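Since the structure comes first, as structure tokens, the remarks are kept for the end.
Here the structure is a predicted model, which means the values were calculated and not measured.
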Amino acid sequence: MINRVTVSISSKTKDILKNVIGKKLTAIRYIGSPSYALVVLLHFEDIVVRIRNPQALIEEPCTFPTFSLTPYDKSKDPFRAKYLLLNYNTTIQAVSIIRDKIDWEENGEKCFFNLENGVVFKCGKRNIVVYALNSMVGAICLYERIKDFESENNIEDIWGIEENMEEKNLLKAKYRRIFEKLE
């Protein structure tokens with residue numbers, strides 16, 4: 001038996017991401033902390049976008065992180081007074097999608113996860129990473145360096161095999177993180 005789980009960033013979200021290339025990012029606002037935010041707002045020169053992680057229910061009781069980016073409507077935001085602010089003055093040069101791919105085989109059953117759950121904004125020598133965490137509350141993390149993101153969000157630690165799975169004769173697992181540049 002083969003099980004496949006695919007969570008993709010929507011084409012509408014990808015269009016918004018493509019449209020911010022070449023635009024100036026002026027601020028990032030978030031609720032929570034940069035390493036565990038519930039909502040993130042990216043302020044560009046002509047648009048504010050809202051990033052959330054609404055968690056996709058693929059198969060009961062399993063949920064997976066999703067990356068949702070929409071134009072921000074201040075009139076529909078119950079949190080508007082609670083955001084913390086990071087000031088920026090940088091131009092987005094490129095945008096890449098973060099895709100985590102995990103494959104494993106257990107007792108003859110093959111499983112494939114293909115999850116688009118983050119974005120990297122390239123800004124000169126700086127990178128801004130926004131990543132949807134695998135969490136019950138739909139948290140998002142923010143980093144200014146890919147190196148920091150990778151060290152704190154190691155793909156094997158996030159999607160690693162739990163001890164009870166090893167006891168069930170898990171044969172092998174393969175983890176890959178891909179950064180795919182949007183054109």
>> Using the side chain to side chain donor-acceptor pair (under 3.5 Å) criterion, which residues pair with Glu144? Sequence neighbours excluded.
In response: Tyr88

>> Among residues at least two apart in sequence or on other chains, which ones pass side chain to side chain donor-acceptor pair (under 3.5 Å) with Asn87?
In response: none

>> Quick test of your reading: applying salt bridge (Lys or Arg N to Asp or Glu O under 4.0 Å), list the pairs with at least one residue in residues 44-53, sequence neighbours left out, ordered by first then second residue.
In response: Lys23-Asp46

> Do you know which two heavy atoms are closest between Pro54 and Ser68, and how far apart they sit?
Replying inline: CD-CB, 3.9 Å

> Under the 3.5 angstrom rule, does the side chain of Asp100 hit a backbone N or O of Asn117 as a donor-acceptor pair?
Replying inline: no

>> Using 0.5 Å steps for rounding, measure from the CZ atom of Arg29 to the CG atom of Leu86.
In response: 10.0 Å

> To the nearest 0.5 Å, how far apart are CG in Asp15 and CG in Leu182?
Replying inline: 9.5 Å

> So if you build clusters from Ile, Leu, Val, Met, Phe, Trp, Tyr with side-chain heavy-atom gaps below 4.5 Å, do Leu69 and Ile128 land together?
Replying inline: yes

> Closest heavy-atom contact between Leu84 and Gly32?
Replying inline: CD1-O, 3.5 Å

>> Using the side chain to side chain donor-acceptor pair (under 3.5 Å) criterion, which residues pair with Ser11? Sequence neighbours excluded.
In response: none

> Which heavy-atom pair separates Ala27 from Leu85 by the least distance, and what is that distance?
Replying inline: CB-CD1, 3.6 Å

> With hydrophobic residues grouped by side-chain heavy-atom distances under 4.5 Å, do Leu115 and Ile9 end up in a single group?
Replying inline: no

> What heavy-atom pair brings His43 and Leu25 nearest, and what distance separates the two atoms?
Replying inline: O-CD1, 3.3 Å

> Do Ile140 and Tyr30 come within less than 4.5 Å of each other through their side chains, counting heavy atoms only?
Replying inline: no

>> Go through it in stages, so that I can follow the logic: the residues are Asn53 and Thr66, the test is side chain to side chain contact (heavy atoms under 4.5 Å, CB included), and I'd like the CA-CA distance, side-chain angles, deciding distance and then a yes or no.
In response: CA-CA 5 Å; Asn53 174 4; Thr66 60; 4.1 Å; yes

> What residues, two or more places apart in sequence or in another chain, satisfy side chain to side chain donor-acceptor pair (under 3.5 Å) together with Thr90?
Replying inline: none

>> Using side chain to side chain contact (heavy atoms under 4.5 Å, CB included), reason through Val7 and Phe67 one step at a time and then give a plain yes or no.
In response: CA-CA 9 Å; Val7 177; Phe67 191 89; over 6 Å; no

> Can you hop from Ile28 to Ile16 via hydrophobic side chains spaced under 4.5 Å?
Replying inline: yes

> Roughly how far apart are Glu150 CD and Arg145 CZ, rounded to 0.5 Å?
Replying inline: 12.5 Å

>> According to salt bridge (Lys or Arg N to Asp or Glu O under 4.0 Å), does anything in residues 118-138 pair up with another residue at least two apart or in another chain? List the pairs.
In response: none

>> Does the plane of the ring in Phe179 sit parallel, tilted or perpendicular to the ring in Phe149? Use 30° and 60° as the thresholds.
In response: perpendicular

> Which distance, rounded to the nearest 0.5 Å, do you find between the CD1 of Ile51 and the CG of Leu142?
Replying inline: 7.5 Å

>> Under 4.5 Å between side-chain heavy atoms, counting indirect links through other Ile/Leu/Val/Met/Phe/Trp/Tyr residues: same cluster for Ile47 and Ile21 or not?
In response: yes

>> Between Ile98 and Val129, is the side chain to side chain contact (heavy atoms under 4.5 Å, CB included) condition met? List the steps.
In response: CA-CA 9 Å; Ile98 300 171; Val129 180; 3.8 Å; yes

> Say you draw a straight line from CG of Asp77 to OH of Tyr72; how long is it, rounded to the nearest 0.5 Å?
Replying inline: 3.5 Å

>> I'd like to know if the side chain of Asp103 reaches the main chain of Phe112, judged simply by a donor and an acceptor atom lying under 3.5 Å from each other, with no hydrogens or angles considered.
In response: no

>> Test side chain to side chain contact (heavy atoms under 4.5 Å, CB included) on Phe44 and Asn19; report intermediate values, then the result.
In response: CA-CA 11 Å; Phe44 294 96; Asn19 286 330; over 6 Å; no

>> On a heavy-atom basis, which atom in Cys123 and which in Ile92 lie closest, and how many Å separate them?
In response: SG-CD1, 3.5 Å

> For Ile97, does its backbone N or O pair with a side-chain atom of Glu180 as donor and acceptor, under 3.5 Å?
Replying inline: no

> Considering all heavy atoms of both residues, which atom of Leu17 and which atom of Val95 are nearest to each other, and what is their separation?
Replying inline: O-CG2, 3.8 Å

> How far does CG of Leu38 sit from OG of Ser33, to the nearest 0.5 angstrom?
Replying inline: 9.0 Å

